[in-house]
Amino acid sequence: MYKLTFKSIIDEIENNLHKILDALTVSEIPFSVEPAKPGFGDVSSNVSFLLAKHMKKSPQEISITLSEKYSQLNHTLVSKVESHPSGYLNFFADWEKLSQLVLSESNLEEFGFVDLGKNSSIVVEHTSVNPNKALHIGHIRNIVVGDVISRILQKANYKVNVLNYVDDSGLQVADILVGFRHLGFSQEPPEGKKFDHYCGDDVYVKTTEKYEQDSSLEEIRKNVLKELEDGGSETAQFADKITGLVLENQLETCWNLGVTYDCLNYESQIIRSGLWSKIFEKLKEMKLVEFENEGKNSGCWVIRGEGKEEDKVIVRSNGTATYIAKDIPYAAWKLGLLEDPFNYKKYQKSQPGSRILWQTTLDASDDPKQNFSGDKVITVIDSRQARLQKIITTLMAKFKSASDAYVHMGYESVTLSPETARTLGLDTEGKQAQMSGRKGLYVNADSVYDLLKKKTIEETSKRHPEMHESDIQSIAHQISVGTLRYEMIKQDLDKIIAFDLTKSLSLEGDTAPYIQYTHARAARIIEKSGKGPSIDVDFSLLQDTNELNLVRLIGLFDIQVRDAAKNLSPKVIARYSHDLAVAFNSFYEHVKVLDIDDKNLEKSRLFLVNSFKLTIERSLALLGITAPDKM
RNA sequence: GGACUCGUUGCAUAGCUUGGAUAGUGCGAACGCUUGCGGAGCGUUAGGUCGUCGGUUCGAAUCCGAUCGGGUCCGCCA
């Protein structure tokens with residue numbers, strides 16, 4: 001599918017340069033043709049630098065020759081070629097034609113679509129939080145990163161299945177069960193408190209505190225953990241009830257932030273499904289695990305460490321499987337390598353939007369069998385799990401005989417700024433602090449959202465005293481969600497976010513509200529114009545640098561989507577959205593749209609404003625952010 | 001001891017995958033801009049030997065090696 005965007009001119013230049021190089025009988029030079037830096041035309045190529053060695057001439061000489069040759073070729077979208085003294089080859093677009101292409105294309109529903117996935121299936125697993133506490137701000141980074149990358153992959157023509165792995169049988173779940181069963185915690189949260197907050201803030205924190213005072217509790221915890229593995233036990237059924245309630249509350253938090261899933265996988269079911277023994281047989285067959293007869297791991301099955309790394313025990317000398325043994329079958333299941341032991345039923349509550357939420361079950365189900373596996377799997381887990389994930393990646397690469405079948409999408413953790421840590425009662429001597437659910441050292445996602453919403457309601461009411469309460473609520477919601485999401489994805493994945501409660505409430509500068517505000521400005525212009533933008537406009541009237549820069553950025557959308565999808569980099573879209581907003585704000589300040597003498601120019605500018613509005617909406621949609629028309 | 005990761009202006013961050021032209025942005029600071037399509041905005045100014053040393057190269061923030069500093073991981077726990 002040929003897309004009429006800025007890429008058109010890049011493709012044209014690439015083709016022509018190839019022709020020239022063929023004529024010079026130097027082919028297979030991996031030159032680049034890229035959008036130019038401001039002040040250097042519209043498109044630049046480094047081709048002369050690369051030719052310098054071959055031709056034993058200076059880059060500048062070559063670029064002069066090339067620009068002369070280029071001018072003699074047929075070109076439609078390029079108006080001028082220039083050789084820069086530095087050696088770069090700079091191309092100037094014929095904006096009359098390019099604006100027409102880009103702006104008409106931008107009005108199409110599928111604008112920005114790129115075919116990277118070729119409609120292949122891909123699994124994105126994210127969230128995967130123990131169902132014993134409320135989601136805190138650190139979890140939100142995982143969730144938003146996972147959600148945004150799944151939206152981007154969808155735009156890049158992958159069939160995306162989003163999974164949430166519910167670790168409902170681990171130690172953390174056992175801890176709150178000990179609290180409920182042996183320390184007398186009521187199953188009713190105090191008035192006005194969500195059940196997940198109650199479990200995390202009160203039951204979990206206070207129970208783990210008690211372990212230090214009362215060592216007999218350790219024994220009780222061990223027994224609870226053992227009973228959990230047996231699905232029929234009374235403890236397991238009680239656990240199902242508690243974790244079910246917490247999970248429901250966690251999902252409400254996610255849904256509120258615009259995050260939805262396709263399927264919930266329960267760890268307890270993975271364990272009971274017998275998938276482990278199947279994969280274990282396979283591992284033995286493929287000689288990927290070895291039995292130790294001597295040494296410190298004597299009597300265990302281990303996976304050999306690569307290089308200097310330690311061997312990893314996966315089956316203990318008593319025959320039981322270790323933690324990683326739950327992850328291996330799950331990874332294989334996600335890749336569709338094993339016969340699926342699960343049935344599927346719909347989750348008891350429906351998600352916002354039209355996406356159906358399924359969950360696995362080992363019981364019989366009236367609902368049809370589903371398939372949530374993928375040709376590729378992306379697992380979003382924080383970088384501290386890198387070692388474990390590397391083992392799984394290596395194993396899966398061998399099973400699927402494709403090195404990139406299983407990808408660990410790692411990210412650095414969210415820590416607390418010294419100031420925020422202090423408000424939680426911890427003096428860190430000016431250093432950032434790791435969050436800890438166990439120590440009660442965290443900021444709940446719901447609390448941040450509530451604070452943001454309170455602030456944005458105040459702000460919006462001040463700006464629009466006449467506005468209806470429900471509209472204010474809706475606007476404040478969109479801004480709050482946008483702010484939170486944007487803060488989580490705007491920086492690189494391998495940079496730590498030192499979360500500061502006060503700073504996170506900022507609504508100015510490089511934030512979602514800044515971008516949303518530009519959208520509201522565009523919406524306002526269109527509203528005031530009193531008519532819908534007409535396609536029958538003269539694009540050649542758009543000549544101001546502010547106008548052309550805006551067109552250029554709109555035309556770069558699909559290139560950004562490709563970049564973000566290829567490199568699994570959500571921040572690319574965040575930056576693009578911001579740049580687009582900056583370009584519009586500059587346009588807005590310097591170029592008047594309405595009530596100008598030239599009515600044809602007004603029509604052209606209106607069309608441009610509308611193209612911007614549509615594009616920023618689509619770009620923000622990839623971030624899971626909506627933009628209100630007024631704010 | 002081994003491994004991973006980060007280090008760019010007072011603070012925060014982009015650019016590094018694919019080496020080239022003027023290192024971009026936000027906060028903070030100083031000043032200025034609203035009878036105008038909404039100031040959650042725009043403009044101007046100040047602030048950078050891209051941790052350090054070395055190598056490759058005609059050319060390094062970018063690639064390679066070493067080194068220093070911060071963070072993380074390395075259990076027959078989960």
Side-chain angles (χ1 to χ4, degrees), chain A residues 30-32 34 36-40 44 46 48-50 52-53 58-59 84-88 90 130 167 169-174 225 267 292 296-302 305-310 312-324 326 382-388 390 410 412-413 415 431-432 434 456 459-460 463-464 479 490-492 494-498 500 503 506-518 520-522 524-529 563 566-567 569 571 575 578-579 581-582 585-586 588-596 605 609 630-631:
Chain A
F31 61 88
S32 74
E34 287 171 338
K37 283 202 215 176
F40 295 105
S44 302
N46 65 352
S48 352
F49 294 112
L50 303 177
K53 258 190 194 137
S58 76
H84 189 271
S86 65
Y88 264 108
N90 292 332
N130 287 294
D167 180 2
S169 62
L171 207 57
Q172 296 200 16
V173 169
L225 192 59
E267 180 177 80
E292 283 289 34
K296 64 172 183 172
N297 292 332
S298 177
C300 300
W301 288 88
V302 301
E306 279 184 41
K308 287 174 181 170
E309 280 167 24
E310 296 270 322
K312 183 77 200 163
V313 172
I314 63 165
V315 176
R316 305 183 184 98
S317 52
N318 68 5
T320 57
T322 59
Y323 168 69
I324 191 172
K326 295 170 191 171
D382 93 74
S383 315
R384 283 177 290 197
Q385 303 259 15
R387 179 133 337 208
L388 229 48
K390 197 183 156 209
E412 269 296 343
S413 51
T415 63
K431 289 184 181 170
Q432 14 180 299
Q434 287 288 330
T456 47
E459 186 67 30
T460 311
R463 287 162 189 259
H464 304 281
I479 298 174
K490 77 171 175 188
Q491 62 277 77
D492 201 87
D494 44 31
K495 271 194 169 123
I496 295 168
I497 297 179
D500 187 280
K503 285 183 188 151
S506 163
L507 308 174
E508 288 163 16
D510 186 10
T511 64
Y514 171 87
I515 303 169
Q516 290 168 315
Y517 184 71
T518 60
R521 281 177 146 182
R524 183 74 174 140
I525 291 177
I526 291 164
E527 185 197 320
K528 275 207 134 186
S529 78
D563 185 19
K566 214 171 110 192
N567 297 314
S569 183
K571 71 164 182 219
R575 297 214 67 79
H578 179 257
D579 292 347
V582 168
N585 271 332
S586 178
Y588 184 90
E589 293 289 336
H590 299 105
V591 181
K592 197 158 158 50
V593 177
L594 300 177
D595 302 323
I596 51 178
R605 286 182 175 163
V609 170
K630 283 185 186 169
M631 59 185 275

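A note on names: the letters A, B, ... follow the listed sequences, proteins ahead of strands, and every chain is numbered from 1.
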Is the shortest side-chain N/O distance from A/Tyr514 to OP1 or OP2 of B/rC42 below 4.0 Å?
->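 For B/rC42, OP1/OP2 do have a side-chain N/O of A/Tyr514 under 4.0 Å.
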Close N or O pairs between protein and nucleotides 4-9 of chain B (under 3.5 Å):
unit_1	atom_1	unit_2	atom_2	d
B/rG7	OP1	A/Lys495	NZ	3.3

NA contact type, [X], heavy-atom cut-off 4.0 Å: base, sugar-phosphate, or nothing?
X	value
A/Ser44	base
A/Ser48	nothing
A/Ile479	base
A/Gln434	sugar-phosphate

Return the value, rounded to whole Å, for the distance between atom CG of A/Asn46 and atom C1' of B/rU18.
->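 Rounded to whole Å, this separation is 9 Å.
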How close or far is atom C1' of B/rC76 from atom CD of A/Glu310, stated in whole angstroms?
->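 Between C1' of B/rC76 and CD of A/Glu310: 13 Å.
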Are A/Phe49 and A/Phe31 close enough that their ring centres sit under 6.0 Å apart?
->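 They do not qualify: ring centres at least 6.0 Å apart.
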Scan nucleotides 23-26 of chain B against the protein and return all N/O pairs shorter than 3.5 Å with their distances rounded to 0.1 Å.
unit_1	atom_1	unit_2	atom_2	d
B/rG24	N2	A/Arg575	NH2	3.4
B/rG26	O2'	A/Asp510	N	3.4

Let's see if you can work this out: which of [options] has an atom nearest to the side-chain heavy atoms of [X]?
X	options	value
A/Ser586	B/rU72, B/rG41, B/rG43	B/rG43
A/Lys571	B/rG15, B/rG41, B/rA78	B/rG15
A/Leu388	B/rA78, B/rG43, B/rA21	B/rA78

Please work out the stems of RNA chain B from pairs that are Watson-Crick or G-U wobble with both distances under 3.5 Å, keeping only runs of three or more consecutive pairs.
->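 So far as stems of 3 or more pairs are concerned, RNA chain B shows B:1-7 with B:68-74, B:10-13 with B:24-27, B:29-33 with B:41-45, B:51-55 with B:63-67.
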Return the set of residues passing ring pair (Phe, Tyr, Trp, His ring centres under 6.0 Å) with A/Tyr323 (not counting sequence neighbours), or none when no residue passes.
->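 Once residues adjacent in sequence are excluded, A/Tyr323 has no partner under the ring pair (Phe, Tyr, Trp, His ring centres under 6.0 Å) criterion.
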How would you list, by chain and number, every residue that makes a ring pair (Phe, Tyr, Trp, His ring centres under 6.0 Å) with A/Tyr514, sequence neighbours excluded?
->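 For A/Tyr514 the ring pair (Phe, Tyr, Trp, His ring centres under 6.0 Å) partners, ignoring immediate neighbours, are A/His578.
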Inter-nucleotide P distance (B/rU45, B/rC64), Å rounded |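 Straight-line distance between the two P atoms is 38 Å.
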Rounded to the nearest 0.5 Å, how far does CZ of A/Arg521 lie from CG of A/Asn585?
->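 Rounded to the nearest 0.5 Å, the CG-CZ separation comes to 4.5 Å.
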Between the protein and nucleotides 36-39 of chain B, list the N/O to N/O atom pairs that are separated by less than 3.5 angstrom.
unit_1	atom_1	unit_2	atom_2	d
B/rC37	O2	A/Val593	N	3.4
B/rC37	O2	A/Leu594	N	3.2
B/rC37	N3	A/Val593	N	3.1
B/rC37	N4	A/Tyr588	O	2.6
B/rC37	N4	A/Val591	O	2.3
B/rG38	OP2	A/Arg524	NE	3.1
B/rG38	O2'	A/Tyr517	OH	2.2
B/rG38	O6	A/Met631	N	3.3
B/rG38	N1	A/Met631	O	2.6
B/rG38	N2	A/Arg463	NH1	3.1
B/rG38	N2	A/Met631	O	3.1
B/rG39	OP2	A/Arg521	NH2	2.9

Side chains of A/Ser383 and A/Glu412: do they bring a donor and an acceptor to under 3.5 Å?
->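 No - no donor-acceptor pair under 3.5 Å links their side chains.
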